[in-house]
Amino acid sequence: RYTPHAMVERLLVTLADAGFLDPARQLFACVHFNAGWSGDLMLLAHDVPDADLAPFRDRGIHVREAERWVAGPRGEHFHPPTCLAKFEVFHRDFRSWDRVVYLDGDMMFWASLDGVCQGRGLRAVSERRPLSRQYSRRDTDPALAGELATRADLGREAFNSGLMAFSTDLIADDTLQRLRDLWERYQSVQFHPFGDQPGLNLMFQPQWRPLPDFFAAIRDHSARYFHLPEDGLRMIGKHFAGTPRPWDDTHPLHSEWRANLARFEDLDARRPRAAAATWSPARVRGYWTWLHLRRAAFQLGETLDNLRKRLRRTAAAQRARGLLRRVARRR
């Protein structure tokens with residue numbers, strides 16, 4: 001079991017293999033200097049040589065070496081077996097902290113993350129798509145697909161597992177093993193063979209509650225949902241799932257990402273820094289309300305526009321029918 005640093009009840013974790021250490025360094029620097037994270041930090045290391053872990057330990061970052069329980073080639077859409085090590089944040093050892101925040105390494109943050117640590121249960125950003133989209137549309141195993149449909153509400157929105165903030169009273173002694181069993185049971189009907197997200201959604205569908213998108217906006221999906229351009233959504237953080245990534249030379253945030261990475265050298269997790277910015281609860285509620293009102297207004301406009309089009313088509317059809325009747329009478 002782990003001993004948190006003195007008087008610390010919160011832990012922030014990211015996962016990395018040997019090829020993903022720079023994104024982990026950037027993320028830790030980002031949450032330390034920009035988000036002002038005041039809890040513990042942990043690297044969940046998957047197949048990382050011990051020599052490469054020393055710089056994290058030297059900066060007061062806990063290191064946990066994840067068990068390699070699945071072997072296999074790199075999965076489609078960049079989902080390697082490493083992704084499944086994410087399940088390990090639900091190991092009973094994590095009950096050493098009251099709250100855990102898990103973050104994928106392909107994220108950047110500009111303001112405090114304190115707002116994700118409220119309430120019990122699990123909080124995450126919605127995928128804005130139903131859970132059924134996590135599974136293959138191919139009838140690889142109709143019987144298993146039918147079983148799956150009886151286990152969970154596949155029409156309900158799924159959460160994105162890139163940010164998961166949860167109270168550790170969710171963790172039972174067997175939670176980790178149950179997650180692994182779920183993955184093994186339904187792997188053949190998953191869309192991504194080594195994806196962690198389907199199993200996590202199956203396990204925690206009753207407990208999860210949505211976070212406002214701007215805590216970890218998913219690429220441009222969140223902005224589009226609210227009828228905004230990608231750079232029109234004000235953000236606390238952003239999740240660069242897919243490509244391009246900010247460590248790519250051509251990405252517009254590459255210079256900022258590199259600057260964050262360089263700041264890792266000055267990080268001391270035992271000495272928290274003030275956040276670069278903090279969103280008050282009133283600001284979070286106000287902006288969230290405004291976004292939903294904006295979406296509702298656009299949807300109302302689209303509905304009225306479609307109605308006008310139908311009425312025009314109906315009127316045109318009526319005029320055409322009247323013209324045909326007049327022509328028929330003249331004959």
Side-chain angles (χ1 to χ4, degrees), residues 7-14 27-41 97-104 107-128 156-170 204 206-241 253 256 260 269 271-301:
M7 301 300 291
V8 169
E9 296 183 346
R10 304 190 305 181
L11 173 70
L12 187 147
V13 188
T14 194
L27 179 70
F28 283 136
C30 219
V31 299
H32 180 76
F33 292 104
N34 293 354
W37 179 255
S38 59
D40 280 347
L41 298 175
W97 292 268
D98 181 60
R99 294 179 186 276
V100 172
V101 176
Y102 171 84
L103 300 175
D104 277 352
M107 289 182 165
M108 294 175 70
F109 292 90
W110 296 274
S112 172
L113 280 165
D114 287 350
V116 307
C117 297
Q118 308 301 317
R120 313 306 291 177
L122 185 148
R123 304 191 73 192
V125 173
S126 173
E127 277 277 292
R128 303 295 180 194
R156 182 176 168 181
E157 280 190 351
F159 65 82
N160 185 283
S161 62
L163 185 161
M164 296 184 293
F166 58 93
S167 53
T168 57
D169 54 9
L170 277 182
F204 297 113
Q207 291 96 348
W208 89 272
R209 295 185 296 118
L211 278 171
D213 293 50
F214 46 76
F215 276 103
I218 304 169
R219 292 181 60 79
D220 60 341
H221 301 171
S222 296
R224 281 203 313 268
Y225 181 79
F226 294 108
H227 301 274
L228 288 165
E230 183 173 0
D231 59 358
L233 183 69
R234 297 195 296 275
M235 292 174 293
I236 289 172
K238 190 165 185 180
H239 184 188
F240 299 92
L253 292 178
E256 183 178 351
N260 288 336
R271 296 183 178 181
R273 304 282 292 262
T278 299
W279 288 38
S280 69
R283 181 181 178 185
V284 169
R285 288 193 301 270
Y287 190 42
W288 194 224
T289 300
W290 179 83
L291 287 172
H292 281 284
L293 289 173
R294 176 186 177 86
R295 176 170 167 79
F298 269 83
Q299 288 179 314
L300 177 60

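This one's a predicted model, so the numbers in the text were calculated from it and none came from an experiment.
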Verdict with supporting geometry, Arg295 and His227, side-chain contact (heavy atoms from CB on, under 4.5 Å): CA-CA 7 Å; Arg295 176 170 167 79; His227 301 274; 4.1 Å; yes
Steps toward side-chain contact (heavy atoms from CB on, under 4.5 Å) verdict (Leu103, Leu12): CA-CA 7 Å; Leu103 300 175; Leu12 187 147; 3.7 Å; yes
Stepwise side-chain contact (heavy atoms from CB on, under 4.5 Å) check, Arg294 with Trp290: CA-CA 6 Å; Arg294 176 186 177 86; Trp290 179 83; 3.8 Å; yes
Derivation of the side-chain contact (heavy atoms from CB on, under 4.5 Å) call for Met164 and Phe159: CA-CA 9 Å; Met164 296 184 293; Phe159 65 82; 4.0 Å; yes
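In this structure, the separation between OG1 on Thr278 and CG on Leu113 is 10.0 Å, given to the nearest 0.5 Å. Within the model, atoms CZ of Arg209 and CZ of Phe204 stand 14.5 Å from one another, a figure rounded to the nearest 0.5 Å. The distance from the CG atom of Leu228 to the CG atom of Asp220 is 11.5 Å, given to the nearest 0.5 Å. Atom CH2 of Trp97 and atom CZ of Phe166 lie 11.0 Å apart (nearest 0.5 Å). Between Glu127 atom CD and Ser222 atom OG the span is 9.5 Å, to the nearest 0.5 Å. Note that OG of Ser280 is 7.5 Å distant from CZ of Arg285, once rounded to the nearest 0.5 Å.
The nearest pair of heavy atoms linking Pro212 to Val284 is CG-CG1, 4.2 Å. Considering all non-hydrogen atoms of both residues, Leu122 and Ala124 come closest at CD2-CB, 4.1 Å. Annotation for Ala165 and Val101: closest pair CB-CG2, 4.0 Å, computed over non-hydrogen atoms. Nearest heavy-atom pair across Thr14 and Asp104 is OG1-C, 3.7 Å. For Met107 against Ala216, the heavy-atom pair with the smallest separation is CE-CB, 4.1 Å. Residues Ala223 and Pro229 come closest through the heavy atom pair CB-O, 3.5 Å.
Between Arg128 and His221 the shortest side-chain heavy-atom distance does not fall below 4.5 Å. Put simply, the side chain of Trp208 reaches to within 4.5 Å of the side chain of Pro210, judged on heavy atoms. Using a 4.5 Å heavy-atom cutoff, the side chains of Met235 and Met108 are not in contact. In this structure, the side chains of Phe214 and Trp279 come closer than 4.5 Å at one or more pairs of heavy atoms. In this structure the side chain of Leu211 reaches within 4.5 angstrom of the side chain of Val116, judged on heavy atoms.
Within 6.0 Å of CZ in Arg273 there are 12 or fewer heavy atoms belonging to other residues, nucleotides or ligands.
Residues Phe109 and Trp37 keep their aromatic ring centres 6.0 Å or farther apart. Taking the six-membered ring for Trp and the full ring otherwise, Phe226 and Trp288 have centroids separated by under 6.0 Å.
Side chain of Thr168 to main chain of Asp98: a donor-acceptor pair is present (N/O by atom type, distance under 3.5 Å, no hydrogens or angles). Proximity of a side-chain donor or acceptor of Arg99 to a complementary backbone N or O of Gly119 within less than 3.5 Å is detected. Of the possible donor and acceptor atoms, one in the side chain of Tyr287 sits under 3.5 Å from a partner among the backbone N and O of Arg234.
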